[in-house]
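Residue numbering restarts at 1 for every chain, and letters A, B, ... go by the order of the sequence lines. When reading the values below, keep in mind they use all heavy atoms of this one structure, side chains included, and skip hydrogens, waters and symmetry mates. It should be emphasised that the depicted structure is a prediction, and the values quoted were computed from it without experimental measurement.
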Amino acid sequence: NAGVTQTPKFQVLKTGQSMTLQCAQDMNHNSMYWYRQDPGMGLRLIYYSASEGTTDKGEVPNGYNVSRLNKREFSLRLESAAPSQTSVYFCASSAGLVAKNIQYFGAGTRLSVL
Amino acid sequence: KNEVEQSPQNLTAQEGEFITINCSYSVGISALHWLQQHPGGGIVSLFMLSSGKKKHGRLIATINIQEKHSSLHITASHPRDSAVYICANGGSQGNLIFGKGTKLSVKP
């Protein structure tokens with residue numbers, strides 16, 4: 001039982017390059033989330049998907065797009081990477097909206113944009 | 001505005017000590033979450049509670065709804081408890097608003 005799987009674990013990009021972070025969960029969860037974590041700050045929500053077929057902006061959506069490909073997979077795309085997007089990215093999932101449900105996290109992706 | 005404040009930011013303890021980490025929030029909740037982030041970066045959920053107290057092994061979480069305050073206690077602390085402990089409160093979109101975390105270091 002893998003839980004929440006994120007790929008890649010590490011990535012270095014040059015400014016202006018694009019990339020997609022992949023996330024998949026095998027717990028049949030309805031809701032999925034993308035967060036970023038920066039030094040000295042709490043986890044901040046980028047986008048979330050309350051259920052298959054829906055996506056919504058979180059606190060810091062600018063510069064990102066997401067796709068809920070199916071119930072298992074939720075990807076995060078950086079169209080034109082900027083140094084300000086250097087961060088650790090976490091994908092998470094929960095059975096329902098996370099205010100009332102335990103959240104399960106992937107191992108994280110450490111992204112550096114030069 | 002839904003804000004979550006944790007104290008202390010950093011905490012160093014000797015093995016065996018009783019530890020308390022505090023969390024205050026500004027907006028009424030459906031549930032308050034405590035999470036642990038390991039030194040390697042992985043995040044796991046420890047507790048979700050909306051009233052009273054929950055216990056798991058040496059960890060105890062309490063919440064006072066009237067005072068909008070929660071505490072995480074660790075009894076008989078051990079070096080393997082060294083981690084960042086994060087509390088989080090439900091936001092208006094059904095998401096979580098996270099505190100900045102408390103970094104705990106337990107010395108042998």
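The two atoms that bring B/Ser45 and A/Gln103 nearest to each other are CB-O, 3.7 Å, heavy atoms only. Between B/His33 and A/Asn101, the shortest heavy-atom distance links the atoms CE1-O, 3.3 Å.
A distance of 11.5 Å separates CG of B/Leu96 from OH of A/Tyr48, quoted to the nearest 0.5 Å. Annotation: the span from B/Leu35 atom CG to A/Leu43 atom CG amounts to 8.0 Å, rounded to 0.5 Å. Rounding to the nearest 0.5 Å places CZ of A/Arg44 at 11.5 Å from CD1 of B/Ile97.
Considering only heavy atoms from C-beta on, A/Phe105 stays 4.5 Å or farther from B/Val44 through its side chain.
Put simply, A/Leu45 and A/Leu21 are part of two different groups of oily side chains (I, L, V, M, F, W, Y) that touch within less than 4.5 Å, one to the next. Criterion: ILVMFWY side-chain heavy atoms under 4.5 Å apart, direct or through other members. Under it, B/Ile43 and B/Phe98 are part of a common hydrophobic cluster. Residues A/Phe90 and B/Ile86 fall within the same hydrophobic cluster, defined by Ile, Leu, Val, Met, Phe, Trp and Tyr side chains chained together at heavy-atom separations under 4.5 Å. When the side chains of ILVMFWY residues are joined at heavy-atom separations under 4.5 Å, either directly or via intervening members, A/Tyr89 and A/Met19 end up in a single hydrophobic cluster. Note on A/Val88: it does not cluster hydrophobically with A/Val60, by side-chain heavy-atom contacts below 4.5 Å among ILVMFWY residues.
Crowding of B/Lys100 atom NZ: a count of heavy atoms from other residues, nucleotides or ligands under 6.0 Å not exceeding 12.
For chain A, the nearby part of B/Gln37 is the side chain; its heavy atoms alone come within less than 4.5 Å. With a 4.5 Å cut-off on non-hydrogen atoms, A/Tyr104 does not touch chain B at all.
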